[in-house]
Amino acid sequence: MESLELPQMDPRVLKATSVKAEDPAASSPEPHALKITAASSNPKMFTLPWEKPLATWPEDLLANLPRGISRHVVRFVHVGDEVYAMKEITRNVAEREYELLRRLQKLELPTVQPIAVVTGRHSREGEPLEAILVTKHLKFSLPYRALFARNLRPDTAERLIDALAVLMVRLHLAGFYWGDVSLSNVLFLRDAYAFSAFLVDAETGDLQINLTEGQREYDVDLARTNIIGELMDLSSGSLLPSGVDEIAIGNRLVDRYHSLWSALTDTDKFGPDEMWKIEKRVNKLNELGFDVDELEMKTAEDGKRVLVRPRVVDAGYANRKLLRLTGLDVQENQARRLLNDLDAYRASTWREGEDLEIVATDWMREVFEPTVRMIPREYRSQIEPAQFFHEVLDHRWFLAEKAGHDVPMAEAVQSYVEKVLPQYKLTTKDVDALNAEADSGVIDDEYTYDDPDDGYNPDDDPDAAVWAH
């Protein structure tokens, strides 16, 4: 009897990390000594005050960045030249999430980068402290509530939902069951006219060879429910633009997910004289941002039709092309916009006959780099260079349309910096308000703050948001 060849787990996943989380129900003893398992060689990691509860770490270590809503204490911490996100959770959960994030990173999926898991923490008096999961701060990213704290376009909610749908499809294609899909568990990066979404919380996730339709639909239904609730919460706080229908936005996620899943996985039927449609299908997938690794083709039983199913590798078609030409590693829609400008530069300089690699080098030196060097210093941590370039191009077009003639790039940059860029700045007051709200759902164990020499009283700390037991 011929045996079926079963799908196997990607070998990159199997060797992703030395950390193997135990069953959460296991009752193995906590480590007696501090243990740091790190995917980073940053020596400053060892100088941090691991013997203190995270909520009591000194202010000079902390980076004042907007945090998303979490059930756990989360802080952004300066560690040498890097900024890391620290989350205080139980050991089993910390090890499991670190292991999952490492595996997802090996599959090149859009997640935050795991740096370390720290276990065996004890106070100076020997009292056990929870473990800490360390991830790298995703530069230029924002939680969804921080985005709505600014004056954004009315369709912002729709664009966030579209980004979340793409993220869910990518994770499901890789066999990742999320189990807790919500806007709160995602970070967003601007990507030209759209957004890119990154998984930030994998506590409830599970990586499998393949997902069943039931598992995928559960994730989709849960996402719809959670998103409607989160948008209603924004509306009650007057953060959601007027006219936004929360239920319609939740339904949009379901529609967008199913549409994209179908485009990436459906089998098409072509007649022998319709093979040109295969190229059309591949081009459509490329336009969606996905690379096709191979096409599976077989003849239907009647012999009159050809069945074609693409094997999609992952998103990043334009990104990889731009990276190869220029070394710029940017989001997919940003890459598409930059490639379009590169093509326009090539045509305007009458160089269609030259190798694109040579033209790209000159475009970087003459167009892209002089433009992004004009980003004011105080905004360099607020906006990505590629996003800045994209928005300057848009602003230049509007200026030219208004003036009735072309506008020099330097003039467009100056106008953009003065009139548009200030909307990106979150004030300290804005960040403090967002973080106070983010901490309002934190559940801390008061026993971790009973060090009499510490001078810390949770009742006097509005940032800790301790819930009485």
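Note that the coordinates shown come from a computational prediction; the quantities given were computed from them, not determined experimentally.
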According to the interplanar angle, ranging from 0 to 90°, do the rings of Tyr177 and Tyr218 count as parallel (below 30°), tilted (30 to 60°) or perpendicular (above 60°)?
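Ring orientation, 0 to 90° scale: tilted.
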
Considering non-hydrogen atoms only, spot the tightest contact between [X] and [Y] and give its length.
X      : Y      : answer
Leu61  : Pro49  : CD1-CD, 3.6 Å
Ser141 : Leu189 : N-CD2, 3.4 Å
Leu199 : Leu167 : N-CD2, 3.8 Å
Gly250 : Ile228 : CA-CG1, 3.9 Å
Pro114 : Ala39  : O-CB, 3.9 Å
Val330 : Ala386 : CG1-CB, 3.5 Å

Tell me, with the steps shown, if Thr361 and Glu357 meet side-chain contact (heavy atoms from CB on, under 4.5 Å).
CA-CA 6 Å; Thr361 300; Glu357 288 81 358; 5.7 Å; no

So, [X] versus [Y]: side-chain donor-acceptor pair below 3.5 Å or not?
X      : Y      : result
Asp341 : Trp363 : yes
Gln331 : Gln387 : no
Tyr84  : His78  : no
Ser196 : Glu332 : no
Asn333 : Arg336 : yes
Gln105 : Gln113 : no
Glu437 : Asn435 : no

Please, which pairs that meet salt bridge (charged side-chain N to carboxylate O under 4.0 Å, His left out) have at least one residue in residues 251-265, sequence neighbours excluded?
Glu158-Arg252, Asp162-Arg252, Asp162-Arg256

Taking the six-membered ring where the residue is Trp, are the ring centres of Phe368 and Phe389 under 6.0 Å apart?
yes

Check: Tyr193 ring centre within less than 6.0 Å of His390 ring centre
yes

Please list, chain by chain and in numerical order, all residues satisfying salt bridge (charged side-chain N to carboxylate O under 4.0 Å, His left out) with [X], sequence neighbours excluded.
X      : value
Glu203 : Arg71, Lys87
Glu217 : none
Asp343 : none
Asp191 : none

Would you give the length of the straight line joining atom [atom1] of [X] to atom [atom2] of [Y], rounded to the nearest 0.5 angstrom?
X      : Y      : atom1 : atom2 : value
Glu97  : Asp201 : CD    : CG    : 5.0 Å
Leu338 : Leu325 : CG    : CG    : 11.0 Å
Arg320 : Asp329 : CZ    : CG    : 10.5 Å
Phe195 : Arg159 : CZ    : CZ    : 4.5 Å
Gln215 : Phe176 : CD    : CZ    : 11.5 Å

Carefully, step by step, assess Met374 and Val417 under the rule side-chain contact (heavy atoms from CB on, under 4.5 Å).
CA-CA 9 Å; Met374 296 179 71; Val417 168; 5.8 Å; no

For [X], does the [atom1] atom sit with more than 12 other heavy atoms under 6.0 Å from it, leaving out its own atoms?
X      : atom1 : value
Glu366 : CD    : yes
Glu213 : CD    : no
Leu62  : CG    : yes

Are [X] and [Y] side-chain neighbours, meaning at least one heavy-atom pair lies under 4.5 Å?
X      : Y      : value
His72  : Leu133 : no
Leu100 : Thr111 : no
Leu421 : Ile383 : yes
Val200 : Val186 : no
Ile227 : Ser182 : no
Leu183 : Leu231 : yes
Thr47  : Val79  : no
Leu393 : Met409 : yes

side-chain contact (heavy atoms from CB on, under 4.5 Å), that's the test. Do Val413 and Thr371 meet it? Break it down for me.
CA-CA 7 Å; Val413 173; Thr371 301; 3.8 Å; yes

Exam field: side chain Arg380 to backbone Ile375, donor-acceptor pair closer than 3.5 Å:
yes

Using only atom types and a distance under 3.5 Å, with no angle test, would you say the side chain of His258 pairs donor to acceptor with the backbone of Val254?
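A pair under 3.5 Å: yes.
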
Could you please spell out the steps behind the salt bridge (Lys or Arg N to Asp or Glu O under 4.0 Å) verdict for Asp394 and Arg337?
CA-CA 10 Å; Asp394 269 3; Arg337 185 67 190 276; 3.0 Å; yes

Charged N-O contact under 4.0 Å between [X] and [Y]:
X      : Y      : result
Glu354 : Arg351 : yes
Lys136 : Glu82  : yes
Glu88  : Arg75  : no

How far apart are the C-alpha atoms of Asp206 and Gln208, what are their side-chain angles, what is the distance that settles it, and do they pass the side chain to side chain donor-acceptor pair (under 3.5 Å) test?
CA-CA 6 Å; Asp206 187 31; Gln208 304 172 14; 3.0 Å; yes

Run Asp81 and Lys44 through salt bridge (Lys or Arg N to Asp or Glu O under 4.0 Å) and show every step you take.
CA-CA 9 Å; Asp81 295 329; Lys44 295 290 185 180; over 6 Å; no

For Phe388, ring pair (Phe, Tyr, Trp, His ring centres under 6.0 Å) partners two or more places apart:
Tyr416

Would Arg216 count as a cation-pi partner of Trp261, with NZ or CZ less than 6.0 Å from the six-membered ring centre and within 45° of the ring normal?
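Yes, cation above the ring, under 6.0 Å and within 45°.
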
